[in-house]
Amino acid sequence: MLDEVIGKMQNRQGRLIVISGPSGVGKGTVLRGLLAADVGTRRCVTCTTRERTDDEVEGKDYFFLSEQEFRSRIDQGFFLEFAHVHLNFYGTPLAGVQELRDQGLDVLLEIDVQGGLTVKGKVPDAVLVFIVPPSYAELERRLRDRKRDSEESILKRLENARGEIQQISRYEYLVVNDEIESAVERLHAIVIAERLRITKAE
Ligand code: 5GP
């Protein structure tokens, strides 16, 4: 009986952990910290029609697609969810998520709030984690410091941040990214706790 219970916990598919939070909050850095600290997690690379920046790598940061290609994949049912964010399309490949979960790996998905809520609707055992900055002023400072976006884009991201933060109560966990190492530790604690959760449906 005990062997059976433990075996069942160990053999189940990996969890799907959605990480959302305003653009510029440092989701990518926190995620990288977690991936380095935990061998059982993988990031699922998503697709976008946004232009690749000089420091981004195809297939590592995103799969960069033309709008035509993106639309054709929508028609093929390629995406678990997709959304129009900051003037571009972004979408999560369904197969990418499933392949990792089938290997028992916990999948980290860095997507926006509307995407996170869509995922939760389709995958009810997905875990929703919201990362916030310690303040709006700090968020603006981080967005400006990374020198990646135009003024128009920065203002759009700040406006979107306020809208996203209003939806926090629809998420399950909150991590304040005040200091990277502590934020990584807290996110890691969530992942570990979710691994230990007894799932009644299984
Ligand atoms: P950025 O252009 O700064 O890389 O990303 C803009 C926003 O799109 C971020 O909030 C990011 O989390 C979100 N995003 C990235 N990939 C996806 C995706 O596949 N689906 C959705 N819904 N949002 C995504």
Side-chain angles (χ1 to χ4, degrees), residues 16-32 34-35 42-67 69-71 73-74 76-101 107-123 126-133 136 139-168 170-171 173-175 177 183 187:
L16 179 54
I17 297 162
V18 174
I19 319 276
S20 301
S23 175
V25 73
K27 283 169 294 189
T29 314
V30 175
L31 239 76
R32 277 194 294 280
L34 175 64
L35 289 164
R42 293 286 185 283
R43 174 167 177 256
C44 177
V45 179
T46 61
C47 304
T48 183
T49 59
R50 166 168 81 61
E51 244 174 68
R52 186 173 68 80
T53 60
D54 289 343
D55 56 343
E56 286 178 319
V57 179
E58 161 73 23
K60 186 166 165 278
D61 295 287
Y62 281 109
F63 294 108
F64 294 93
L65 305 178
S66 68
E67 191 163 326
E69 174 64 20
F70 197 99
R71 285 184 190 279
R73 292 197 190 194
I74 294 175
Q76 292 159 19
F78 179 84
F79 297 112
L80 169 60
E81 64 74 41
F82 66 91
H84 203 233
V85 191
H86 308 313
L87 319 170
N88 288 295
F89 280 109
Y90 293 83
T92 307
L94 178 57
V97 169
Q98 209 42 56
E99 279 162 21
L100 293 169
R101 293 190 78 190
V107 181
L108 304 174
L109 211 48
E110 184 198 329
I111 62 175
D112 79 325
V113 172
Q114 52 176 325
L117 295 174
T118 306
V119 167
K120 186 74 182 173
K122 294 189 173 175
V123 184
V127 179
L128 302 184
V129 182
F130 208 105
I131 303 191
V132 288
Y136 284 114
L139 180 65
E140 182 167 354
R141 194 186 65 74
R142 288 181 195 176
L143 275 171
R144 292 193 184 284
D145 274 6
R146 68 181 187 176
K147 296 189 171 61
R148 210 188 74 182
D149 305 288
S150 64
E151 184 64 20
E152 185 201 0
S153 173
I154 288 175
L155 295 178
K156 182 89 188 140
R157 283 165 198 268
L158 285 170
E159 184 193 319
N160 285 355
R162 289 183 186 267
E164 290 199 323
I165 285 170
Q166 276 173 9
Q167 310 230 48
I168 278 180
R170 303 180 72 181
Y171 268 56
Y173 290 99
L174 183 73
V175 172
N177 185 16
L187 183 59

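Along the sequence shown, residues are numbered consecutively beginning with 1. Since we're looking at a predicted model, the values are computed, not measured. As a basis for the values below, the full set of heavy atoms in this structure was taken, side chains included, without hydrogen atoms, waters or symmetry mates. Indexing begins at 1, ligand by ligand and atom by atom, following the structure's order.
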Asker: Report yes if Glu164 has an N/O atom closer than 3.5 Å to an N/O atom of ligand 1; otherwise report no.
Answerer: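 No, since none of the N or O atoms of Glu164 sits under 3.5 Å from an N or O of ligand 1.
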Asker: Hey, is ligand 1 close enough to Arg146 that some N/O pair sits below 3.5 Å?
Answerer: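 Checking ligand 1 against Arg146, no N or O pair falls under 3.5 Å apart.
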Asker: Provide the number and element of each atom of ligand 1 under 4.0 Å from a heavy atom of Ala83.
Answerer: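 Once the distances to Ala83 are compared, the set is 22 (N).
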Asker: Taking only heavy atoms of Glu110 into account, list the atoms of ligand 1 that are under 4.0 Å away from them.
Answerer: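 With Glu110 as reference, the close atoms of ligand 1 come out as 12 (O), 14 (N), 15 (C), 16 (N).
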Asker: Supply the atom-to-atom distance Leu80 CG to Leu109 CG, rounded to the nearest 0.5 angstrom.
Answerer: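 Nearest 0.5 Å value for the CG-CG distance: 7.0 Å.
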Asker: Could you tell me which atoms of ligand 1, counted from 1 in the order shown, lie closer than 4.0 angstrom to a heavy atom of Arg50?
Answerer: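 This gives 1 (P), 2 (O), 4 (O) as the contact atoms.
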Asker: Once rounded to the nearest 0.5 Å, what's the spacing between atom CG of Leu155 and atom CD of Glu140?
Answerer: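 Those atoms lie 7.5 Å apart.
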Asker: Tell me whether Ser20 contacts the main-chain N or O of Ile111 through its side chain, where contact means a donor paired with an acceptor under 3.5 Å.
Answerer: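 Yes: the side chain of Ser20 pairs with the backbone of Ile111.
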Asker: When you measure from atom 4 (O) of ligand 1 to each heavy atom in Phe63, Phe82, Tyr90, Tyr62, which option holds the nearest one?
Answerer: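 Looking at heavy atoms only, Tyr62 sits closest to atom 4 (O) of ligand 1.
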Asker: Of all the non-hydrogen atoms in the protein, which one sits nearest to atom 16 (N) of ligand 1, and at what distance?
Answerer: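 Closest protein heavy atom to atom 16 (N) of ligand 1: Thr46 OG1, 2.9 Å.
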Asker: Quick check: does Glu81 get an N/O under 3.5 Å from an N/O on ligand 1?
Answerer: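 Yes - when backbone and side-chain N and O of Glu81 are compared with those of ligand 1, one distance drops under 3.5 Å.
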Asker: Within a radius of less than 6.0 Å around CD of Glu152, do more than 12 heavy atoms belonging to other residues, nucleotides or ligands occur?
Answerer: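 Counting neighbours around CD of Glu152, 12 or fewer heavy atoms of other residues, nucleotides or ligands fall under 6.0 Å, so no.
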Asker: Taking atom CZ of Arg170 as the centre, does the number of heavy atoms from other residues, nucleotides or ligands within less than 6.0 Å exceed 12?
Answerer: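 Not buried by this count: 12 neighbours or fewer within 6.0 Å.
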Asker: Can a salt bridge be assigned to the pair Glu151 and Arg144 using a cut-off of 4.0 Å between side-chain N and carboxylate O?
Answerer: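 So Glu151 pairs with Arg144 through a salt bridge.
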Asker: How far is atom 22 (N) of ligand 1 from the closest protein heavy atom, and which atom is that?
Answerer: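 Of every protein heavy atom, Asp112 OD1, 2.6 Å lies nearest to atom 22 (N) of ligand 1.
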Asker: Any nitrogen or oxygen of Gly91, side chain or backbone, less than 3.5 Å from one on ligand 1?
Answerer: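 By distance alone, the answer is yes.
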Asker: Out of all atoms in ligand 1, which are within 4.0 Å of some heavy atom of Gly115? Include the element for each.
Answerer: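 That gives atoms 22 (N) of ligand 1.
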Asker: Please list, in number order, the atoms of ligand 1 under 4.0 Å from a heavy atom of Ile111.
Answerer: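 Within the 4.0 Å cut-off of Ile111, ligand 1 contributes 12 (O), 14 (N), 17 (C), 18 (C), 19 (O), 20 (N), 21 (C), 23 (N), 24 (C).
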Asker: Report, as yes or no, whether the 6.0 Å neighbourhood of atom CD on Glu51 holds more than 12 heavy atoms from other residues, nucleotides or ligands.
Answerer: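 Result for CD/Glu51: open.
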Asker: Run the numbers on Thr53 and Glu56 for side-chain hydrogen bond (donor to acceptor under 3.5 Å, both in side chains), then give the verdict.
Answerer: CA-CA 5 Å; Thr53 60; Glu56 286 178 319; 3.1 Å; yes
Asker: Would you indicate which of Arg148, Glu56, Lys27 comes nearest to atom 11 (C) of ligand 1 when only heavy atoms are counted?
Answerer: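 Selected option, by shortest heavy-atom distance: Lys27.
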Asker: Between Glu81 (side chain only) and Gly116 (backbone N and O only), is there a donor and an acceptor less than 3.5 Å apart?
Answerer: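 A pair under 3.5 Å: no.
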